[in-house]
Structures are given as structure tokens and as C-alpha cells.
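Indexing begins at 1, ligand by ligand and atom by atom, following the structure's order.
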Amino acid sequence: MHTVLRDKFGFTSFQGRQEEAIGAALAGRDTFVLMPTGGGKSLCYCLPALVKKGVVVVISPLIALMENQVENLRKKDICCDFLSSTRSAEDRRAILDNIQSQSPQMRLLYATPELLTTDGFMLVLKNMYKRGNLTLFAVDESHCISSWGHDFRPAYRKLSVVRRELPQVPIMALTATAAEKVQDDIVKQLRLRNPALLVSSFNRPNIHYCVHYLFEAGALDPLPHVVALLKEGRSQDAASRWPCAVIYTLKRETAGEVAFSLSAKGIPAAAYHAGLKTAERTCVLSDWASGKTPVVAATVAFGMGIDKADVRLVVHYNLPKTIEGFYQESGRAGRDGRPAKSVLFYSRDDRDRMDFILGKPKKGKRKRKQPKSQQGNGELQAFGQLVGYCTARCCRRAILLRHFGEVLPAGTCTGCDYCEDPHGVAEQLERLESEVVIGAARRGGRRRSFGKADLPAYAGGADLASSAEDGKDSSDAASGEDEDDSEEAQAAKQALKRARTGDASDEAVLSVMAAAERRYANTSQQTGCTSNSLLNKLRLPNTKAAPAKPGSAVVGESMRAAARERIQKALEANGALSNLSQQQLAAASQACEEQCFNTSGSKPVYLSKLSNTAREAAKVAAVMDITCLAGCADPTDLGTTDATQDASLPEEVHADKAAAGPSQGAAGRMGSTPSRMMGKPIPTVALANP
Ligand SMILES: Nc1ncnc2c1ncn2[C@@H]1O[C@H](COP(=O)(O)OP(=O)(O)OP(=O)(O)O)[C@@H](O)[C@H]1O
């Protein structure tokens, strides 16, 4: 092992848990390897391929990743290849002949999960199995198997077929980001048998973590701060070079704007996202890798397989959706072990926007494979954890590590803004909170709602709408449950059908694989995608929409119904309102939604107001607050009716509410007095549209 390590790979020693992983694989044992980004996971399956007879099959999610690895291994004279739609028929035949021969020369073969799980390819694998030529299955980026994770790819789920059909071949699952729940899921889904669990620390001690708060009263634009960070990095470099940096943005447009603005200030920067042509992306990547363009502003399409050692700064210009995503992206900094920075910009607007994007009901999702436990607001919960990272008054590193089940001993943080200045961070958080309250008071007691002017990070209102839909589409795609009507998707479905019914020509199998890869690369990883047909459907005015009132938004009835449902769920979850009946809550939701509808001049404003309303609904402290949330100074404005009145509410409820005194929330600000509620039954609101 050590000889191969030195002679083939040029390393003097193993790092992390490489040696144990390799030892387990050579002993024929299943292995679960969790190492941080840049930890050296690929060696864990590459080295056994050179020591043992047979072929190591590596499952990898992207052609680009496979190409990159094959290229690197070939430089070391290691015989390896990958199967994909980009290969000629001749190449594919040569590969299949090689691996099915009595003694294959091939040491490693890379393939996507889509290819591996087809009947045709399984036949090839069984041939190899019979000859004893399958050394190991390495499942790279194995967190894609879990819908708890952030990069779920449905085809990964089918990999259990490997254990079923080829039971004696050891399996190695590898990942850099998997919280405990995801780790369990990986082991379960792949049916690993008594696996060696090799979990390294998630700690990246050389990365300094910082959350930069943006205030309403100040500039909400992160750009000047990014420029300052880059200048600071430049002044720290002896040769006065711009630091190598990645700036992650939510949307493609923002990536373009940031790159443009930085270039205009003399900072060499380029944009990278899935909307660019392949040649353009390649060019941006190679200029970045060579140092010609040290700064890249990118969406999450700039992802797996980015292996540049000297990234000094990773900025999150917008909030990421999950801690896992954040950890992986920020982890691209400092792979050389030298000091590096992660800076995440946090503003209330950004948070509200993401809240809304993720909170929208996903049309048609529940009908299909979503596990029960994850129905509802799993994405919102995951985002809530990320918000917790930003707003908790405690060490950032400790929060990250705790998320992955690790405890950071007190006082051992190697650098974060909180540990350096806990009072400063606390003050900023207080300021953030007070701005929310002051802002609401200034608006006459109404809760904050977005208008175009309130969205400086976005070009305009329509952008917000598309962003919201984008989030929906991308998450649908990520969970593999969207209905894609595109020609490409239809062709892929046909091919998949042919493959399943045994007519698995190479072309059919490869076209399924190519379609899956394109969808994964272009939608799952690209939050800014706008091409989904669902989005277009939602954009069309709905013929069943309620008649638009003057100045009201053009919003379809289905969206309005979903909005009412969302508000109602928030009210139902609010313990302070547990005494209200379903009918009362439904009526309150309706009133709140109508308020949003009637006071919004456009769909984006409606969506933003809705988002705020749903959030506030979860927080209201009394019935009075609901009425104010719905914009009524008098609860009876909501339409109290004797017929539907729930006069049977127990006396103590009224007494409790009276004893609670004036609400801290909107009630007081609206000038309503609690006495108006006292002695009166809590109003039951009538359904406006029975
Ligand atoms: N034993 C070792 N000694 C020194 N360097 C190593 C060793 N093993 C791997 N490396 C180097 O570490 C770097 C990262 O390795 P690798 O790409 O396998 O990491 P990874 O864990 O797969 O990262 P990612 O999760 O980002 O894909 C590579 O440049 C590799 O050459």
C-alpha cells in the first residue's frame, strides 16, 4: 500500500482516515467515508484499484467530475475510463470489451447512477462478477442518495440494486457533507453490511467564519463590502495580487452584475452559471484556475469537483438554503491549509425572500415519492438551521460542527467573528431586531411588506416572482419529483421505458443518463433556472382567478388558495391560538390573505406580503393580533356572525386573554384596546366566499 502511495500517487503518507478506508476495502468490507472537502477521498478507492485484481466501479454524479478524475489518473499512467453519452460508439464498445474480458486492464471505470441501474449495464456487471473481476463499488458524493441531504438525486436511490444483484462486492460510500440523519440514510439505502464507519472531523481550522449583517437603515448592497474584502486580501498578499475568491449568488443575473461591477472597479472577475455556454464556462474555469481571473461570481452551478487549493475567500452574497450547502461551498476556501475566509451576508430581506421561496407549497409533490417524514416544510426547517447559524449568539464554528454531530470544546475556535467580538455581534443582532420593530411602527403598525424599492438586491418585482418560482422549481427538480414536459424529458422517459423493458440499447441507456445529468446540472444545482414549464403555467393569468379589484394583484385562485392554506397552517401551529376552532382559523387566514391581495399592486408584492403575513401569523400573541395582521382596526370588521359564532368558548379563555393585557404586537399599535375584547366573545369570522 505504501509503495503504491509513494510510487503512483507521490505521497509520503496517508492523511485523515485514508489508510483505514483502503484497508477495509481491501479486506472486502463495506465502508462509509466522511471526510471534509479536499480531504483526499478519491485516494480511498483509487489505491485499492491498483492493489487488487479486477475493476473498481466509481459512481459519480457528473460527467465533468468523471472526466476530470480520469484525466488526472491517466497522467499517473493509471488505466481508467468513463462511460457517458459524450463517448463515441467505438469508445464505448472498447470499454465494454475491456471490462468484460477475462483479465481486464482497466483499473477504474466511472459511471453515473442512471447508467449503473439499467438492465443492460447490470448484465455487463454480472458478467464481470461471475469472473471475479469486480473489486469495489465506490459511491462518490453519496449524500445524493438521501432526500434529507441537499443534492438529492433520485437515481442514487436505485443503487441498492448493486447489493441485491452483486452481493459479494464491497461498497464504499464517500461524502464530504452529511449530517447524522443523512449518514444513516446512506448506510440504509445502500444496504451496507457492518460497514467501517470512518468519519473525520468536519472542522476546517484554517477557515475564518464571519456573518456580515446588512441593515435596513444602512446600505443593503453587499458589493462595497465585497470590494473591501478583496482589497484587504490584496494588501495581505506580498505580491499584491487579488486573492483567489468565489462569490456565490442566488441568481445568475446577480452573478453577472457582481462580476461586471467588480471588473468595472479594476478587479479581474468573471461570472459562472449554468446559463452560460459550455465553452464559456470552460474558459471562465481555466482562467480562474490559472489565476488570470482570480475572482468568480457564481451560482451553485460552480460546484462539485472544483479543486483549487489557494482559494482565500468564499463569499455568500445571498443566503444559501442549507447548512450543508453552506459548509460545502465555504469549504472550497483554504484547501491548501493556509488561512482563508468565509463571509456570509445576512439581511432580513434576503431571509424573507428565501423563506418565501421555500415556504411555497410544491404542487403535486405529495402524490409521489416524498417520504412522509419530509412532507411539509422540511426545506424551511433546513433553512431555519442556516438562519440559526447567522443569528445565534454563539461561536459559528461550534454551530457548524454541532450540525454535523460534532462538539467543539469551548475556547478552541480557531477564528470566527463571534469569538473575536461577542458583544459586537450581539449588538448588531439587537440592531437588526430593533429595526424590524421600528420599521413596523413607522409603517403605522402594519407589518413590513416588500415593494420594489425594498428589494435592492433584485432588479425588480418580476424578478422576485421568478426567483420564488425558481426556488420551487429547483427544489422540485432536486427531489426528482417535477413533471418536466420538455422534449428532452419526454425522449428520456421513452428511452428509460425501452431500457426497462429489456430493449436496452447503448443509445437508450446513454440518452437516459445524459438527460438525467443535464437536468441535474441545470436545475438541481441552478437556483436561477427559469425554463420549467410549471413556472410558465404559474405565470399565465389564471382564468379562474377572482375578479381583480382596483389596484390588486393578478394572482391565480390556486395561488391564493395555497396562500390561505399557508397562513392557516402558521396560525394552527401557533400555540397562543390553540383555543380557536378550525373555522375561525380558516376565516382569519382568509381575511389575512385578502388583505395581502387587496393591498398589492403586483404579484411580487403580493408574494412578499404573503411571506411576511405567514411569518407573523406564527408569532401573533392573541386573536387581536390576527385582526390587526389582517388590517382591521376592529375585530368585527372581519365579519362576526351570530350564525357561525363560537360563543361556547370557555370563560377562562376570555379571562386569560384579558389577564394577558394589551398585546405586544399589532393590536396596541393599531390603537385597539384590549377592553374592546373583554367581555365579548372572541369573534368568529365569517367566510367571505362561502
Ligand atoms: N495522502 C495524501 N497526502 C497528500 N496529499 C493528498 C493525499 N491524499 C490526497 N491528497 C491531495 O488532496 C487533494 C484533495 O484530494 P481529493 O480531490 O481526493 O479530495 P476530496 O476529498 O475528494 O475533495 P472533494 O470533496 O472536494 O471532492 C488533492 O490535491 C490530492 O492530491
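- Across I99 and P104, no two heavy atoms sit closer than the pair O-CG, 3.7 Å.
- Residue L43 has no nitrogen or oxygen atom sitting less than 3.5 Å from a nitrogen or oxygen atom of ligand 1, judged on distance alone.
- Among the atoms of E141, none of the N or O lies under 3.5 angstrom from an N or O of ligand 1.
- Y248 and H316 have parallel rings, their planes meeting at less than 30° on a 0 to 90° scale where 60° marks the start of perpendicular.
- Of all non-hydrogen atoms in P320 and E329, the two that sit nearest each other are CB-OE1, 4.3 Å.
- Within the structure, salt bridge (charged side-chain N to carboxylate O under 4.0 Å, His left out) contacts touching residues 31-59 (residues at least two apart or in different chains) do not occur.
- Residue contacts with ligand 1 for F9 are absent, since no atom lies close enough (heavy atoms, distance under 4.0 Å).
- If you number the atoms of ligand 1 from 1 as listed, the ones under 4.0 Å from a heavy atom of S13 come out as 1 (N), 2 (C), 3 (N).
- Below 3.5 Å of separation, one finds an N or O of G40 facing an N or O of ligand 1.
- Of the listed residues (H212, H208, R396), just one forms a side chain to side chain donor-acceptor pair (under 3.5 Å) with D417, and that residue is R396.
- Of the N and O atoms on the side chains of S146 and Q189, not one donor lies less than 3.5 Å from an acceptor on the other residue.
- With ligand atoms numbered from 1 in the order given, ligand 1 contributes 16 (P), 17 (O), 18 (O), 22 (O) to contacts under 4.0 Å with heavy atoms of S42.
- Heavy-atom distances between A309 and ligand 1 stay at or above 4.0 Å for every pair.
- Between F345 and H225, the ring planes lie tilted relative to each other; the angle falls in the 30° to 60° range.
- Contact between R335 and ligand 1 is present, with at least one heavy atom of the residue lying under 4.0 Å from the ligand.
- Ligand 1 places these atoms under 4.0 Å from at least one heavy atom of F14: 1 (N).
- Closest heavy-atom approach to atom 20 (P) of ligand 1 within the set Q18, M35, K41: this belongs to K41.
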